[in-house]
Amino acid sequence: MSEKPSLTNPTLETIRRRHSIRQFSEEAVSEEEIKTILEAANQAPSAHNQQSWHFVVVRGDKRLELSELVVEKSRDYPKPSSSLLRMAARSIASAPVTIAVANTGDLIEHGTELFKVEREVAFDFFRTMEIQSSAAAVENLLLAATSLGLASVWLGVLFLIKEEVLDFLGEPGGEFMAVIPIGHALKESSGPSKKSLEYAVRRL
Ligand SMILES: Cc1cc2nc3c(=O)[nH]c(=O)nc-3n(C[C@H](O)[C@H](O)[C@H](O)COP(=O)(O)O)c2cc1C
């Protein structure tokens, strides 16, 4: 008789444990931990296996520069955007490492040939698939960090200042996906509760 698969395991536990943390302690993150997290991100599924993502590791003085850039640019925005940008800047400054994710446009560039679809529909299709692929990479990255006992948060609000952020990252031709400070949680928290499945699931 075959054994029933367990309904809990380390992967599911990590998924349940992950939640956004926005303030970090001064405790360092090792190069091995960063490499492990990047390998997990790079392992994600991607449309046509194009892996059309770049991961940019921002440490040391560079993360403070990035944080200052965000504070400076926040002044161009009204509340609450400016407050959210400043909150993001504080997360970046307090985390020992930040990893940014930018789409390369490789799928957009090669897609028409790879998929044999009309040029008119191609751009929307490939851009969406690049975003979807990179989102899978970001989730892998967040889960890998959680599995190593590290905390993280996906900062999407930097999209508002994406040109400046992409320039800073050395990815001026890329598309902004995410900026993710990673470190040890300043204090533990359990994260927000989620809507029950009955809101999200329909069965046909
Ligand atoms: C695409 C995306 C963008 C996000 N942008 C921000 C952000 O700019 N600032 C922030 O503090 N949290 C951001 N978050 C984190 C969400 O606020 C968080 O995931 C949500 O409140 C659920 O909490 P949890 O991650 O703890 O489960 C973002 C999450 C996603 C998926």
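We count ligands from 1, going down the list as the structure has it; atoms in each ligand are counted the same way. Computed from a predicted model, the values in this text were never measured in an experiment.
Taking a 4.0 Å cut-off on heavy atoms, Leu155 registers as neighbouring ligand 1. Contact between Ala88 and ligand 1 is absent, with no heavy atom of the residue lying under 4.0 Å from the ligand.
Cation-pi check for Lys62 over Phe168 is met; the charged atom lies under 6.0 angstrom from the ring centroid and within 45 degrees of its normal.
Contacts between Val153 and ligand 1 below 4.0 angstrom, taking non-hydrogen atoms only, involve the side chain exclusively.
Interatomic distance, Ile37 CD1 to Asn42 CG, rounded to the nearest 0.5 Å: 13.5 Å.
Taking the salt bridge (charged side-chain N to carboxylate O under 4.0 Å, His left out) definition, one finds that Glu164 meets it with nothing, sequence neighbours left out.
Remark: atom 20 (C) of ligand 1 lies closer than 4.0 Å to no protein heavy atom.
Residue contacts with ligand 1: Val157 is placed with a nitrogen or oxygen under 3.5 Å of a nitrogen or oxygen of the ligand (distance criterion only). Considering both main-chain and side-chain atoms, Met87 never comes within under 3.5 Å of ligand 1 through any nitrogen or oxygen pair. Geometrically, ligand 1 and His19 share no nitrogen or oxygen pair separated by less than 3.5 Å.
The Gly156 neighbourhood of ligand 1 comprises atoms 3 (C), 4 (C), 5 (N), 6 (C), 7 (C), 8 (O), with distances under 4.0 Å to a heavy atom of that residue. Proximity to Lys194 (heavy-atom distance under 4.0 Å) selects the following atoms of ligand 1: 22 (C), 23 (O), 24 (P), 27 (O).
Side-chain atoms of Asn103 and Ser134 form a donor-acceptor pair, as typed in the model, at a separation below 3.5 Å.
Lys35 has no carboxylate O lying under 4.0 Å from a charged side-chain N of Glu32, or vice versa, which leaves the two without a salt bridge.
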